[in-house]
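Only heavy atoms go into these numbers, but all of them, side chains included; no hydrogens, no water, no symmetry mates. We count residues from 1, following the sequence as given.
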Amino acid sequence: MVAQITSQVDPEQACPIAPVVDIVFSRWTTPILWILHTEGRQRFCELAERIATITPKVLTERLRRLERDGLVSRTQHAEMPPRVEYEITPLGRSLSPVFAALGEWSVN
């Protein structure tokens, strides 16, 4: 009798896009990227208004993570009152074909 050897596979090896899916398709990331892509540069309060159900704390956390991952850039203007704007980066914009394909798929 041949014994079967079962081994556990690291999820990232089993599916190399898993880390990308975790970053891009988390609950609030997709709407943030979509708005920045379609509407352009936005202030924090504008993003919060467009995504009415997100809390300020979660929006701040997501924007920081997106900035850390290189998908969003943050610009702070030296004026009173302080003004901070967020914009999608070229890396974030490179996800456009993925979003377009998903949008097309969702209506079928």
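Applying the side chain to side chain contact (heavy atoms under 4.5 Å, CB included) criterion to Q76, with sequence neighbours excluded, gives R74, V84. Partners of S96 under the side chain to side chain contact (heavy atoms under 4.5 Å, CB included) rule, at least two apart in sequence or in another chain, are H37, R93.
A distance of 8.5 Å separates CG of L95 from OG1 of T89, quoted to the nearest 0.5 Å. If you take CH2 on W28 and OG1 on T53, they are separated by 3.0 Å, rounding to the nearest 0.5 Å. Between atom OG1 of residue T29 and atom CG of residue L63 there is a gap of 9.0 Å, rounded to the nearest 0.5 Å. Of the inter-residue distances, the one linking C45 atom SG with L59 atom CG reads 10.5 Å to the nearest 0.5 angstrom. The distance from atom CG of L36 to atom CG of L47, rounded to the nearest 0.5 Å, is 5.0 Å.
Annotation for E104: atom CD does not count as buried by contact number, only 12 or fewer foreign heavy atoms lying within 6.0 Å. By the neighbour-count criterion of 12 heavy atoms within 6.0 Å, atom CZ of R27 is sparsely surrounded, having that number or fewer from other residues, nucleotides or ligands.
Side-chain contact check for M80 versus P82: some heavy-atom pair is nearer than 4.5 Å. Contact annotation: the side chain of I88 never approaches that of L66 to less than 4.5 Å [non-hydrogen atoms, C-beta and beyond].
The heavy-atom pair separating L71 from L91 by the smallest distance is CD2-CG, 3.7 Å. Nearest heavy atom pair, residue R62 against residue S26, reads NH1-OG, 3.5 Å.
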Inset, instruction - Go through the steps to decide whether I32 and Y86 satisfy the test side-chain contact (heavy atoms from CB on, under 4.5 Å), and finish with yes or no. - result: CA-CA 10 Å; I32 292 168; Y86 297 90; over 6 Å; no
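Grouping the Ile, Leu, Val, Met, Phe, Trp and Tyr side chains by contacts below 4.5 angstrom, directly or via other members, places I17 with V98.
Residues in residues 31-41 take part in these salt bridge (charged side-chain N to carboxylate O under 4.0 Å, His left out) pairs, two or more places apart or across chains: E39-R50, R41-E85, R41-E87.
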